[in-house]
Amino acid sequence: GENVEQHPSTLSVQEGDSAVIKCTYSDSASNYFPWYKQELGKGPQLIIDIRSNVGEKKDQRIAVTLNKTAKHFSLHITETQPEDSAVYFCAAIFNAGKSTFGDGTTLTVKP
Amino acid sequence: GAVVSQHPSWVICKSGTSVKIECRSLDFQATTMFWYRQFPKQSLMLMATSNEGSKATYEQGVEKDKFLINHASLTLSTLTVTSAHPEDSSFYICSAGSDVYEQYFGPGTRLTVT
């Protein structure tokens with residue numbers, strides 16, 4: 001089955017700096033890669049996603065890149081703000097199948 | 001759009017009783033719903049996949065007789081924890097999807113069994 005590794009497990013940055021979280025996956029058949037933000041006591045919120053036929057996608061301060069050959073994808077957050085502090089999860093999915101999640105990254109943005 | 005609700009948001013029950021958690025897609029029809037369990041500071045663990053009108057598919061190691069899932073309509077799925085015990089205490093989260101790809105998560109239900 002699919003296996004997703006996520007790094008780093010914790011990340012601390014100064015407000016205004018950039019943050020990068022990386023994930024690798026094992027199943028080359030996976031074709032959809034979402035990123036979720038989870039705040040304490042809440043459900044995950046989809047913040048950006050990318051499909052396997054695209055190499056990069058951007059939405060304001062958030063971007064995701066995908067390297068299918070190397071089987072890894074990354075989340076980039078620019079101009080970080082304290083409200084970006086949360087746990088971020090990546091996932092890999094094949095079509096409408098079940099998601100395989102990374103272990104999560106706790107991002108802390110220091111004001 | 002794409003709002004998923006869960007009810008209740010938190011529940012405390014006594015050991016041996018059953019608890020039902022509802023998951024609703026409010027503004028779209030969900031062909032598939034997923035139920036997850038999450039322990040503190042850990043990732044989401046998939047429990048089962050639920051399709052409207054058919055039996056749920058449980059992940060290995062999940063007791064189907066203990067965690068009863070019913071996907072009665074395209075907007076409602078329920079998870080019933082039967083004969084709950086303290087080790088069932090956890091954060092339960094559902095997700096729903098209508099598209100081939102996107103899934104949207106509910107806010108979660110905190111279950112505490114005393």
Side-chain angles (χ1 to χ4, degrees), chain A residues 1-11 21 23-25 29-54 57 59 64 66 73 85-108, chain B residues 1-10 21 23-26 28 30-52 54 56-62 90-112:
Chain A
E2 175 67 275
N3 182 53
V4 176
E5 294 189 359
Q6 183 173 343
H7 297 281
S9 56
T10 60
L11 179 60
I21 304 170
C23 287
T24 59
Y25 61 99
S30 291
N31 56 2
Y32 175 60
F33 307 93
W35 284 91
Y36 298 95
K37 175 184 181 181
Q38 186 177 27
E39 297 176 338
L40 192 63
K42 298 183 179 180
Q45 175 190 5
L46 177 68
I47 57 172
I48 197 166
D49 56 10
I50 193 166
R51 304 188 186 188
S52 60
N53 59 347
V54 176
K57 183 177 179 180
D59 182 4
V64 56
L66 171 65
F73 56 112
S85 296
V87 179
Y88 291 81
F89 291 98
C90 64
I93 303 169
F94 171 64
N95 286 348
K98 56 188 179 183
S99 305
T100 301
F101 288 88
D103 288 338
T105 296
T106 300
L107 173 64
T108 303
Chain B
V3 178
V4 177
S5 70
Q6 277 185 246
H7 179 80
S9 56
W10 60 271
I21 302 170
C23 176
R24 293 182 183 271
S25 56
L26 299 184
F28 67 100
T31 52
T32 305
M33 288 185 172
F34 299 88
W35 285 96
Y36 297 86
R37 185 173 180 177
Q38 187 177 36
F39 293 102
K41 298 187 177 181
Q42 292 190 22
S43 190
L44 291 84
M45 182 187 78
L46 180 65
M47 299 175 66
T49 302
S50 164
N51 292 292
E52 186 263 341
S54 62
T57 302
Y58 291 82
E59 292 300 299
Q60 191 173 7
V62 177
S90 191
F91 193 51
Y92 292 88
I93 311 172
C94 70
S95 72
S98 62
D99 191 89
V100 174
Y101 298 99
E102 285 87 357
Q103 292 180 35
Y104 298 92
F105 284 84
T109 297
R110 173 75 57 195
L111 170 63
T112 301

Between chain A and each of B:Ser9, B:Gly108, B:Pro107, count heavy-atom pairs under 4.5 Å; write down the option with the most. B:Pro107
To check you understand the geometry: which heavy-atom pair defines the closest contact between B:Ser43 and A:Phe101, and what is its length? OG-CB, 3.4 Å
Side chain / backbone / both / neither for A:Gln6 at chain B, heavy atoms under 4.5 Å: neither
From CG (B:Leu44) to CD (A:Gln38), nearest 0.5 Å: 6.0 Å
Has A:Asp103 got more than 12 heavy atoms of other residues, nucleotides or ligands less than 6.0 Å from its CG? no
B:Gln6 portion near chain A, given a 4.5 angstrom heavy-atom threshold: neither
Does the side chain of B:Tyr36 come within less than 4.5 Å of A:Pro44's, by heavy atoms? no
Residues in salt bridge (charged side-chain N to carboxylate O under 4.0 Å, His left out) contact with B:Arg24, at least two apart in sequence or another chain: B:Glu22
Filter on salt bridge (charged side-chain N to carboxylate O under 4.0 Å, His left out), then keep only pairs touching residues 40-49 of chain A, sequence neighbours left out; what's left? A:Glu39-A:Lys42, A:Asp49-A:Lys57
Flag the pair B:Gln103 / A:Tyr32 as yes when at least one side-chain heavy-atom distance between them is below 4.5 Å, and no otherwise. no
